[in-house]
Amino acid sequence: MKEMHTTYDPKEFEDRVYEKWMEEGSFRAEADPAKIPFTVMMPPPNITGQLHMGHAMDETIQDVIVRFKRMQGHSVLWLPGTDHASLATEHKIVEKLRAEGTSKEELGREEFLRRAWAWKEQYGGTIISQLKKLGSSCDWSRLAFTLDEKCSRAVKEAFFRLYNKGLIYRGSRIINWCPDCKTALSDEEVAYSEDAGNFWYFNYPVKGTEEYITIATTRPETMLGDTAVAVNPSDERYAKFVGKTLILPIVGREIPVVADDYVDMEFGTGAVKITPAHDPNDFEVGLRHNLPMIRVLNDDGTVNAEGGKFEGLDRYEARKRIVAEMGEKGLLVKVEPHTHNVGHCHRCNAVLEPIVSKQWFVKMKPLAAPAIHAVMQNKTKFVPDRFAKIYFNWLENIRDWCISRQLWWGHRIPVWYCDDCGETICARETPQKCPKCGSERLHQEEDCLDTWFSSALWPFSTLGWPEETEDFKYFYPTDVLVTGYDIIPFWVMRMMFSGLEQTEKVPFRDVLIHGLVRDEQGRKMSKSLGNGVDPLEVIEKYGADSLRLSLVTGVAPGNDTRFTDAKVEASRNFINKIWNASRFVLMNAEGEIPPLAEVRLQPADRWIISRLQTTIREVTLSLQKYDLGIAADKLTDFAWSDFCDWYIELSKPALYGDDAERKRGTLSVLMFVLENTLKLLHPFIPFVTEEIYGYLPHAKGSIITADYPRYNTKLAYKKEAKAFEGVIDLIKTVRAMKVEVGCPPTKKVPLYLVTEQKRLVAVNKMSILRLAGASDVDFVESGAEAGEKPVSKVCELGQIFIPLGQLVDIEAERKRLEKELERVIGEIARAESKLTNKNFVAKAPKKLVEDEAAKKEKYLDMKARIETQLKLL
RNA sequence: GGGGGCAUAGCUCAGCUGGUUAGAGCGCAUGCUUCACAUGCAUGAGGUCACAGGUUCGAGUCCUGUUGUCCCCACCA
C-alpha cells in the first residue's frame, strides 16, 4: 500500500485529482431514463471576468449540491457556460482599440466583430480554468456561451415569438443613455449614488412684462431644450401666470406656463422648467400638454445644433458657460449646494443622461403576471422565502424593458427594414425580399440586444430549445438556481417570465439565494476599494478545499458573510485533522480487515456507529433543505470531536492490545466510520476526500461516484449509544476533577466508583484508564471505602471518588462541593416549578413532562450524594 | 416615500416548523514535547439572546411597537 504523506499538502494532489475526474468522465451527464435527473444551470460568468470571491461562493454552493445529488444516484447535469456580456466586453475592446490608436468606427462592424471574437478566444477561457481550480464538477462537454449558435438561435426564436405577439415594440421614449458607452441602458443597469451638486436658481422673464418666474435646476444645460415651465394648479403664487408666455433666456424661445399636478409646491420655487426630451417626468408633462420635444444633446454628451452657440461643447462645459451667461444677464438668482441621486452607468460609471430616443422595448405587464403567479403558487420556491417578497416587489412595479443597445458585440436584433416601402420585418432567418412590396433592398436593424435578453433564456437555450432535444426533454425544467440576491432583478426575474412565456414551464423549482462575500471589515469587495481577495491566491496558499469549506461554514442562506484568513485557516486545520486521522487508521490497518457485519461490536463501537447514523441523517436533511452551513457544522463536529477526539482515542487500547479479534473488530469500525465520513465530507472538500479514498483498501472506484451514506436504522443503537455517553461523561468528569484539585494530568490516580453500570465500566476499563489518566478503577458501595480523603463528584453513571491524600485542600473541596450543590438545587427548583405548574403538566407533550420528572429525580439523587460527601469532609 | 435585512460570548457568526442547563470557530486563561495531528490535546472563564409590551403551560424563536444599523427600489425639478 502507498504511504500517505505525513502532512496535508493540497498542492500535491488537487490538480491531479481533477485530471482524474476529467479522464473518468465523472462530470458527464446522461439522459438516463433509469435515473431521476437533477439539473443546475451555472450562472454564466462574464467572459471578461476574473474569478472573485462571489463566484467562488456561488460555485462552491452549487458544487456541494451537485456532488451530493450525484452521489445520491441522480443523473446530474451541471451545465457551465459564459456570458458574452455585450456592454462590458465591447467596452473593454473599445479601450484596447483606443490604446492601439484606432476605433470601432474606423474598423467597421465586421472587422470589429472579428477582433472581438479573437479577444474572446484568447481571454474568455481564463475564468473557466479558474472554475476548475475550485473543483467545480460541471459537465464541460456541454459548455455553453450566450453568443454561440445554439443560444443565438434561441434568442432569435424568442424575439420572433414576442414580436409576433405584440410584446416587443419600437418606440420613442425616455431611456437612460450612457454618453461614454454610447448606448441605451435598461432601468436595472442604472446605479444611483448621492453626488454633490448645485441648485441653480434662474429667472425666466414673463413676456411683455417686467416680471419673472424663478425656477431651480440641477442641470442648467438642459434649459436649451426647455419647452415650458410648470406650476401646480392650486399654487396661488403662480395662478396668474398660467397660460402666459415666458421668454426662455439665451435661447429666446417663447414657452408657455402650464399647470400640472406633478409639480410639488413645497419643493424648490414651486416652478419647474420642463425639458421633455431630457427628463422622464418632463416627458410625461410634455405629453399631457402637447409640448414640443427638443433634444439638445448628441450621443456623446455634447450639445447639438439645437444649442445654438453652445453646439459641440461637452455638457459640463456648456453648463459652465450657460451659468456664466445667466449671471451676466442678471438672471442667476442664487446657487445652492445640493446633493442628489445621480444615475451612473453600471459599467463605466459615467453620469447618465435621460434622453428621448427610439428604442426597442419588451412590454412587461403581460409577462410579469404569470411570473408572479408561479411563485405565489409555489411552482418556484425561493430559499429563503423572504426573497419572494423582493421578487414580487420588483415585478409588481416593473416598467417596460429597453432591450436595444447601440452596440455591435451581441445578438443583432432580427429585424429588417425595407428601403423601398419602409416595412418592418421580423424574421428568424435573413429575409430575401420584402413581403409587402417585394423589394430586395433590405437592411438589418443596427442595434444589438441587451445581454440579459439572452441570459434570460439560459435554462433552456443551453439545452437546445426551441428544438425538442433529448437534453431538453430530460433535464428541463431545472431543479435549482443558485445566485446572489443582487441578481434577482437582472436575471432571476427575467428567466422566470421568459421560461413561462417560451416553454410554459417555470425554468427552475427552487431558487437558492446567497448573500455577498464581504471583506474582513464587512465592506463590499470592490475594485475601487482594492479590498478584494483573489480566490486563486487563497487556493495557492491553503488549497481549494479549505477555501470551499470556509465559504459555506457559519453561513445561513441569503445572509452576507465576511471573508477572513482565520476562517480559511480553521478549515485548513480541520482538513489536516481529517488527513491525519485517516493516516492513523491506515497506519494501523494491517492484515485482513473484516466487514462490519462480521464483527462483534463493543459499546464504544456502537456509540460511534450510532453517532455516524445520526450525522448521516442530519447532514442529509440539511443538504436537502439547502442548509449547507448547518450540514457542514454537524459534519465537522462529528468528524473532529466524536470520531477523532473520542473514538480514535478510545480505539487505542484495542489497537495496541493483545486481543487480536478485538483489534480486527476495532479496525473494521475505524475503517467503516472513516469511509462514511469521507463520503459525507466529499461534497464540501472533494479533493482531499478523493485523495484519501484512494488509499482505503476496501474502496472501489472513486468517491465522487460512490453512494452517499444512508441512514440505517439497524445501526442506530440508540439506547446503547446513550448509555455509552455515560462513559464519556465519566472520563470528562475525572479529568475535570483532576484539574480542579491541581493534580498533574500525568499523575495516574485510582478511581472508586459507586455505580449500577459495572459491566459498561468494566468493558471500557482500559479506555477509561487511558483517557481519564487513572491507574485503576474499583467499584465501591460508598465513599467510606474510597481510601483516605477522597474528593468526589457525581456523574451520569453514579459517583466518582478519588483518594488524593495530601493533594486535597479540604476547604477548597468543601467550597467546590457547595458550589456544585447550589447548582443542583437550582436545577431541582427549576424542574419542580415546571412540574407543579398544572398547565404545563396538562398541556405540554407527555414526553416533555416525563423528561422533566426524570431530570428532577436525577438531580435529587445528586443532591443527596453531595450532601453525604459534605458531611464526610 | 416603498420594500427588506440585521441586533445572541471580547470578535465573526449558527440556532429549522416555539420545548435540553442558548451553541460553534477564533481570541483569552491554565496545563500538557508519549509513537495520527502543536495546522494538536485537555480543562476552564465569558451571554439579563437591543428595548418595551403581547400571545402561550412555555418565547432567542411568533405578533405589535420603539431604538440603532445596513441594503434595495422610487425619487423633488
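We use all heavy atoms of the structure for the numbers below, so side chains are in, but hydrogens, waters and symmetry mates are not. Below, chains carry the letters A, B, ... as their sequence lines are ordered, and counting in each starts from 1.
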Can you tell me if A:Ser641 uses its side chain to pair, donor with acceptor, with the backbone of A:Phe638 under 3.5 Å?
-> no
Between [M] and [N], how far apart are the [atom1] atoms? Round to whole Å, please.
N: B:U69; M: B:C32; atom1: P; result: 49 Å
N: B:C28; M: B:C71; atom1: C1'; result: 34 Å
N: B:U43; M: B:A24; atom1: P; result: 12 Å
N: B:C51; M: B:C6; atom1: C1'; result: 16 Å
N: B:G19; M: B:C11; atom1: P; result: 27 Å
N: B:G60; M: B:G47; atom1: C1'; result: 11 Å
N: B:A42; M: B:C26; atom1: P; result: 12 Å
N: B:U66; M: B:G5; atom1: P; result: 16 Å

With the side chain of [X] defined as its heavy atoms from C-beta on, choose the nearest nucleotide among [options].
X: A:Asp264; options: B:U21, B:C37, B:A77; result: B:A77
X: A:Pro845; options: B:G5, B:A77, B:G19; result: B:G19
X: A:Val272; options: B:A77, B:U56, B:C75; result: B:A77
X: A:Asn837; options: B:C57, B:U43, B:A77; result: B:C57
X: A:Arg562; options: B:C13, B:C41, B:G4; result: B:C13
X: A:Val263; options: B:C41, B:A77, B:A14; result: B:A77
X: A:Lys843; options: B:U12, B:U56, B:C73; result: B:U56
X: A:Ala736; options: B:G44, B:U12, B:A14; result: B:G44
X: A:Ala581; options: B:A36, B:U20, B:U43; result: B:A36

Should we say atom CD of A:Glu194 is surrounded by more than 12 heavy atoms from elsewhere, each under 6.0 Å from it?
-> yes
Angle class for the [X]/[Y] ring planes (parallel below 30°, perpendicular above 60°, tilted otherwise)?
X: A:Tyr647; Y: A:Phe643; value: parallel
X: A:Tyr204; Y: A:Phe202; value: parallel
X: A:Trp579; Y: A:Tyr695; value: perpendicular
X: A:Phe574; Y: A:Trp640; value: tilted

Respond yes when some side-chain nitrogen or oxygen of [X] is under 4.0 Å from OP1 or OP2 of [N], and no when none is.
X: A:Arg823; N: B:U21; result: no
X: A:His278; N: B:A77; result: no
X: A:His340; N: B:A77; result: yes
X: A:Lys847; N: B:G19; result: no
X: A:Asn559; N: B:A14; result: yes
X: A:Tyr192; N: B:C71; result: no
X: A:Lys855; N: B:U21; result: yes
X: A:Arg386; N: B:G4; result: no

Report yes or no: is the cationic atom of A:Arg494 (NZ for Lys, CZ for Arg) under 6.0 Å from the centre of the six-membered ring of A:Trp401, at an angle within 45° of the ring normal?
-> yes
Base of [N] paired with side chain of [X] (donor-acceptor, under 3.5 Å):
X: A:Glu649; N: B:A42; value: no
X: A:Asn576; N: B:C37; value: no
X: A:Tyr542; N: B:U39; value: no
X: A:Arg572; N: B:U39; value: yes

Euclidean distance, atom [atom1] of residue [X] to atom [atom2] of [N] [Å, nearest integer]:
X: A:Leu835; N: B:G19; atom1: CG; atom2: C1'; answer: 13 Å
X: A:Glu852; N: B:U21; atom1: CD; atom2: C1'; answer: 10 Å
X: A:Phe387; N: B:G4; atom1: CZ; atom2: P; answer: 12 Å
X: A:Ile692; N: B:C37; atom1: CD1; atom2: P; answer: 15 Å
X: A:Phe574; N: B:U39; atom1: CZ; atom2: P; answer: 17 Å
X: A:Asn397; N: B:G3; atom1: CG; atom2: P; answer: 11 Å
X: A:Asp560; N: B:U12; atom1: CG; atom2: C1'; answer: 13 Å
X: A:Lys524; N: B:C71; atom1: NZ; atom2: P; answer: 8 Å

Is there a Watson-Crick or G-U wobble partner for B:C13 with both distances under 3.5 Å, and if so, which one is it?
-> B:G23
Tell me the partner of B:A38, counting only Watson-Crick (N1-N3 plus N6-O4 or O6-N4) or G-U wobble (N1-O2 and O6-N3) with both under 3.5 Å; none if nothing fits.
-> none
Are the side chains of A:Asp195 and A:His344 in touch, meaning some heavy atoms are under 4.5 Å apart?
-> yes
Sole candidate of A:Val673, A:Leu667, A:Thr666 that passes side chain to side chain contact (heavy atoms under 4.5 Å, CB included) when paired with A:Val669 = A:Val673
Residue that, paired with A:Arg617, satisfies side chain to side chain contact (heavy atoms under 4.5 Å, CB included) out of A:Val619, A:Leu621, A:Thr620, A:Thr615 | A:Leu621
Expected rows: protein N/O vs nucleotides 22-33 of chain B N/O, under 3.5 Å:
none

